[in-house]
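Here is the structure we will look at.
The chains referred to below are lettered A, B, ... by the order of the sequence lines, with proteins before strands, and numbering in each begins at 1.
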Number of protein chains: 2
Amino acid sequence: MTYSISEVAKELDLTVYALRYYDKEGLMPFVERTPSGTRLFKDSDIEALKIIQCLKSTGMPIKEIKGFIEWCSEGDSTLQQRYNMFLERKAIVEAQLEELNKTMEIINHKCNYYKTALNAGTEDIHNNKIGNF
Amino acid sequence: MTYSISEVAKELDLTVYALRYYDKEGLMPFVERTPSGTRLFKDSDIEALKIIQCLKSTGMPIKEIKGFIEWCSEGDSTLQQRYNMFLERKAIVEAQLEELNKTMEIINHKCNYYKTALNAGTEDIHNNKIGNF
DNA sequence: GCTTGACCTAGAGTTAACTATAGGGATTAT
DNA sequence: ATAATCCCTATAGTTAACTCTAGGTCAAGC
């Protein structure tokens, strides 16, 4: 079973432009072509793209993802590097989660702040000593 | 107590360039100046910048943050808008947390995948039917 | 056999958020 | 009183990750 670029774009919720851009940047060396040059995506290619999307969502830049893809095609000799990379990513995502939880706390405070102010009809209920908001 | 732009930059872990950029974009209309034009930051200004950083960390673009700052200087008549904005941000951060947790799961899977492969000395231990990685 | 629509490449354009430079003024240390 | 160090504005440059356009190929349907 193979898929066209527009089918893959729809499935992964990104544009055809973006997919071709990823390919140009070396993120998809495994995607095969018809004799006339049209890309043919296999199921395993879509799985690979999901990992790429996962790495992207951790904030990893495309050039670094390319490095990982290269390691993958070099075989078992790069297993250690790849493992280390995922451990690093894990640490980064843990930090992001912590950060996002702090952000959530502040947002929740602000929600309460404005709920109270709205009930009172004025922000003055919070005796902020000439604060900005 | 007032602070110079470089003191604030150090405190908030951003550059002097970035602070001046925020000011130019209308994020800091409340910061006062000396007669000769030098910015003087008050403690309340630093608190405001922390909220701005919080909003930025949720992915809110600077132009939208500017809109919020404008609402703030319009007083109580914009309380409802500001409350709604924080509720929206809360929903967005909740979605981001969910997304990031999914990402973490995938990363954890990959960590285990590579740990096992590394122990076996080869990726072949995972009988991936001609997968990419 | 020709039109339609999906595919292709190369390369230019876009956007956000800085980042840096040039040129100049004010304050502090010696 | 002069050199260093901070501050300022205006404006140009950078970067990543697309996004779009132009010009062309190819397979299917009428």
Taking [atom1] from [X] and [atom2] from [N], how many angstroms apart are they, rounded to a whole number?
X	N	atom1	atom2	answer
A/Glu25	C/dA10	CD	P	13 Å
A/Ile5	D/dT19	CD1	P	14 Å
B/Leu19	D/dT9	CG	P	12 Å
A/Met28	D/dC18	CE	P	13 Å
B/Leu40	D/dC6	CG	C1'	13 Å
A/Glu32	C/dC8	CD	C1'	18 Å

Q: Check each of B/Tyr83, B/Trp71, B/Phe86 against A/Tyr114 using the ring pair (Phe, Tyr, Trp, His ring centres under 6.0 Å) test, and report the only one that passes.
A: B/Phe86

Using a strict cut-off of less than 4.0 Å between a Lys/Arg side-chain nitrogen and an Asp/Glu carboxylate oxygen, indicate whether [X] and [Y] qualify as a salt bridge.
X	Y	answer
A/Lys42	A/Asp45	yes
B/Glu7	B/Lys10	no
A/Lys102	A/Glu105	no

Q) Is the number of heavy atoms from other residues, nucleotides or ligands within 6.0 Å of CD (B/Glu32) greater than 12? A) no

(Q) Can you list everything that forms a side chain to side chain donor-acceptor pair (under 3.5 Å) with A/Ser77? Sequence neighbours excluded, please. (A) none

Is the shortest side-chain N/O distance from [X] to OP1 or OP2 of [N] below 4.0 Å?
X	N	result
B/Arg20	D/dT9	no
B/Ser6	D/dC7	yes
B/Arg39	D/dC7	no

Q. Using a cut-off of 4.0 Å between protein heavy atoms and nucleotide atoms, how would you tag nucleotides 11-27 of chain C 5' to 3' with B, S and -?
A. B-----BBBBB----S-

